[in-house]
Amino acid sequence: DGDGITLTIYNHATEGSPQQRGDNWQRKLMELLKPGDAIAPGDYLERCSTGIGDRQGRRDLGELEAADFLRREGKGKATVYVRTQRVWKP
């Protein structure tokens with residue numbers, strides 16, 4: 001009868017680590033940071049991921065943290081992500 005609602009759910013998640021997927025913004029960050037260097041989420045958005053929103057930027061950083069390329073330190077506005085020793089292989 002055509003009076004219903006259609007809901008489409010998209011799943012952004014893809015299999016594999018960020019390194020395996022080759023996410024350009026994440027690759028750029030890994031090339032920029034040396035082990036021990038830190039970056040705030042806002043700086044990541046400004047320097048590495050032009051054109052994406054805050055939520056996607058935080059998702060990118062969270063994926064790199066989950067893959068042990070970054071370590072999160074601090075809380076709230078004081079949060080920074082520190083580059084670990086894990087080697088990024090482009």
Side-chain angles (χ1 to χ4, degrees):
D1 76 356
D3 290 336
I5 295 175
T6 301
L7 175 65
T8 304
I9 300 174
Y10 295 96
N11 183 356
H12 175 57
T14 56
E15 289 188 28
S17 71
Q19 185 176 8
Q20 291 169 325
R21 291 193 318 267
D23 293 346
N24 289 329
W25 299 307
Q26 293 171 330
R27 177 185 49 79
K28 186 175 179 181
L29 179 63
M30 292 296 95
E31 292 171 355
L32 177 71
L33 297 180
K34 294 175 177 54
D37 288 350
I39 192 165
D43 292 336
Y44 171 66
L45 289 173
E46 288 178 20
R47 296 168 71 181
C48 300
S49 60
T50 304
I52 68 168
D54 182 63
R55 184 175 286 175
Q56 180 62 49
R58 291 183 185 278
R59 187 178 303 127
D60 288 349
L61 294 169
E63 288 176 0
L64 290 169
E65 179 187 16
D68 198 33
F69 289 108
L70 297 176
R71 179 182 69 252
R72 185 175 55 187
E73 294 182 356
K75 292 184 179 188
K77 291 184 178 187
T79 299
V80 294
Y81 289 84
V82 180
R83 178 77 163 85
T84 65
Q85 295 291 329
R86 184 164 181 203
V87 176
W88 179 272
K89 298 177 186 175

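- Note: W25 CH2 to L45 CG = 10.5 Å, rounded to the nearest 0.5 Å.
- With sequence neighbours left out, the side-chain hydrogen bond (donor to acceptor under 3.5 Å, both in side chains) criterion links E73 to R71.
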Using side-chain contact (heavy atoms from CB on, under 4.5 Å), reason through L29 and L70 one step at a time and then give a plain yes or no.
CA-CA 10 Å; L29 179 63; L70 297 176; 4.1 Å; yes

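- The salt bridge (Lys or Arg N to Asp or Glu O under 4.0 Å) analysis of residues 33-44, with sequence neighbours excluded, yields no pairs.
- Interatomic distance, CZ of R47 versus CG of L33, reported as 7.0 Å (0.5 Å rounding).
- When side chains are defined from C-beta on, M30 counts as touching L64, because their heavy atoms get closer than 4.5 Å.
- Scanning for side-chain hydrogen bond (donor to acceptor under 3.5 Å, both in side chains) contacts around D54 gives R58, with sequence neighbours left out.
- In this structure A38 satisfies the side-chain contact (heavy atoms from CB on, under 4.5 Å) test together with V80, V82, sequence neighbours excluded.
- To the nearest 0.5 Å, atom CZ of residue R83 and atom CD1 of residue I39 are 12.0 Å apart.
- By the 4.5 Å heavy-atom criterion applied to side chains, Y44 and Q26 are counted as neighbours.
- At a threshold of 4.0 Å, the pair R27-E31 counts as salt-bridged, since one of the basic side-chain nitrogens sits closer than that to a carboxylate oxygen.
- In plain terms, the two heavy atoms of T84 and D68 that are nearest each other are OG1-O, 2.7 Å.
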